Amino acid sequence: MAKELIDLYKILGVEKDATAKEIQKAYRNLAKTKHPDVCKEPNAAETFQEIHDAYETLSDPVRKKEYDDFAKNYSPESSKSFDEVFKEFHSGIKGVHAPLKGESVEIEVLFTVKDIRAKAHKKIQFDRYFNCEACEGHGFKRMEADACPSCRTFGCTLEEVSSPFGVIKTERRCVTCSGKGYVKPKDCEDCSGKGKLNRMVNLTIAMPEGTTDGKRITLIGRGDQGINGGANGDLILVMRHDKNDIFSITNQFDVHQTINVPYLKTLTGGSMQVIMPSGQEVDVPVPRGAKQGHQIIVPDEGLLNTRNGFYGTLTLHVNIEMPKGLTDAKIKKIIEILS
């Protein structure tokens with residue numbers, strides 16, 4: 001069956017003569033609604049991957065020209081689509097001297113309701129990789145190794161490959177040195193040939209409002225160190241509500257707390273001072289005759305819903321504390337008085 005050309009412009013919703021700014025704007029607008037973190041559709045991840053791939057091609061002048069040239073001469077009878085041809089001829093193989101971005105690091109960060117309401121600063125620790133200074137992140141000392149005779153230290157060789165739009169020179173990983181650029185390399189003693197050293201990092205972060213359980217926060221450039229001047233990877237914080245918190249959370253934004261109320265207070269009624277998630281000390285009413293589990297609703301003391309700008313509610317659940325040291329006779333006397 002003939003393969004249909006993947007229309008990258010249609011995926012981004014822009015015209016074929018769209019400027020770089022228009023392409024970038026379209027991608028950002030789609031990311032706001034189609035990113036898997038906000039879009040709950042079953043195939044959200046696959047859809048956003050298509051959008052991201054389309055943007056990666058059209059935002060790069062060289063790759064965009066290659067796509068446009070191929071699209072002009074595309075024939076439905078071709079045995080390969082542009083997507084397949086592009087992946088085959090531009091597989092991302094780069095020489096050993098090319099800048100390489102570091103890996104991203106993902107960690108979980110525990111938070112309490114009070115942390116979020118107070119925008120508290122929290123100290124976190126995590127492991128990240130730094131390039132070994134002795135071998136510059138390559139795992140072996142290039143000055144002590146022999147240059148590969150096939151690729152001359154580049155790590156790749158050029159090959160001419162026939163394609164639907166002519167003969168293309170493409171990079172292939174050098175088979176002589178397996179892409180290292182050097183032969184007979186000796187593992188670096190400082191890093192045991194890994195090229196990287198693992199170190200503990202201390203970092204202080206501000207707990208942002210709008211944080212909910214499972215929310216992912218990306219700190220750009222805080223991950224593993226890049227190679228050959230490449231950008232560092234990112235640090236991804238996965239926010240998790242501390243199970244030992246005195247507050248529980250429902251519906252992402254509403255919080256709950258159990259408060260101990262003296263039995264006498266439930267008989268007479270009155271108020272109790274309770275420290276709110278926001279840190280304020282508030283007198284909350286305890287009605288006369290309140291029973292075990294009675295609920296007191298305090299508005300705007302939950303977590304912030306950034307979508308509508310409103311705070312959730314705080315629900316206080318009454319736990320009646322019986323006086324200590326009561327004998328059976330005293331309990332009988334109390335029952336007689338109440339009845």
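All values below come from the heavy atoms of this structure, side chains included, with hydrogens, waters and symmetry mates left out. Please read all numbers here as calculations on a predicted model, not as lab measurements.
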* Fit a plane to each ring of Y182 and F140, take the angle between them on a 0 to 90° scale, and name the class: parallel (under 30°), tilted (30 to 60°) or perpendicular (over 60°). => perpendicular

* **Near-ring test H241/F111, centroid separation under 6.0 angstrom** => yes

* Asked: Ion pair present between E144 and K186, side-chain N to carboxylate O less than 4.0 angstrom?
  -> no

* To do: Tell me, yes or no, whether the heavy-atom count around E106 atom CD, taken from other residues, nucleotides or ligands under 6.0 Å, exceeds 12.
  => yes

* Structure fact -> In short, D7 meets K10 closest at the heavy-atom pair OD1-N, 3.1 Å

* Over 12 foreign heavy atoms within 6.0 Å of CD1, I220 -> no

* For the pair K141 (side chain) and C188 (backbone), establish whether a donor and an acceptor sit closer than 3.5 Å, ignoring hydrogens and angles. => no

* Asked: With distance as the sole criterion, is a donor-acceptor pair present between the side chains of S59 and Q24 under 3.5 Å?
  -> no

* Report, as yes or no, whether the 6.0 Å neighbourhood of atom CE on M200 holds more than 12 heavy atoms from other residues, nucleotides or ligands. => yes

* Examine distances only and state if a side-chain atom of R117 and a backbone atom of G302 form a donor-acceptor pair shorter than 3.5 Å. => yes

* Asked: Is E133 atom CD crowded by more than 12 heavy atoms from other residues, nucleotides or ligands, each under 6.0 Å away?
  -> no

* More than 12 foreign heavy atoms under 6.0 Å from CZ of R222: is that the case here? -> no

* Structure fact -> side chain to side chain contact (heavy atoms under 4.5 Å, CB included) test vs R128 passes for just one of I107, D224, L197, namely D224

* Do other residues, nucleotides or ligands put more than 12 heavy atoms under 6.0 Å from the CD atom of Q292? -> yes

* **Residue pairs passing the side-chain hydrogen bond (donor to acceptor under 3.5 Å, both in side chains) test where at least one lies in residues 195-212, sequence neighbours excluded** => Q125-N202, E209-Y311

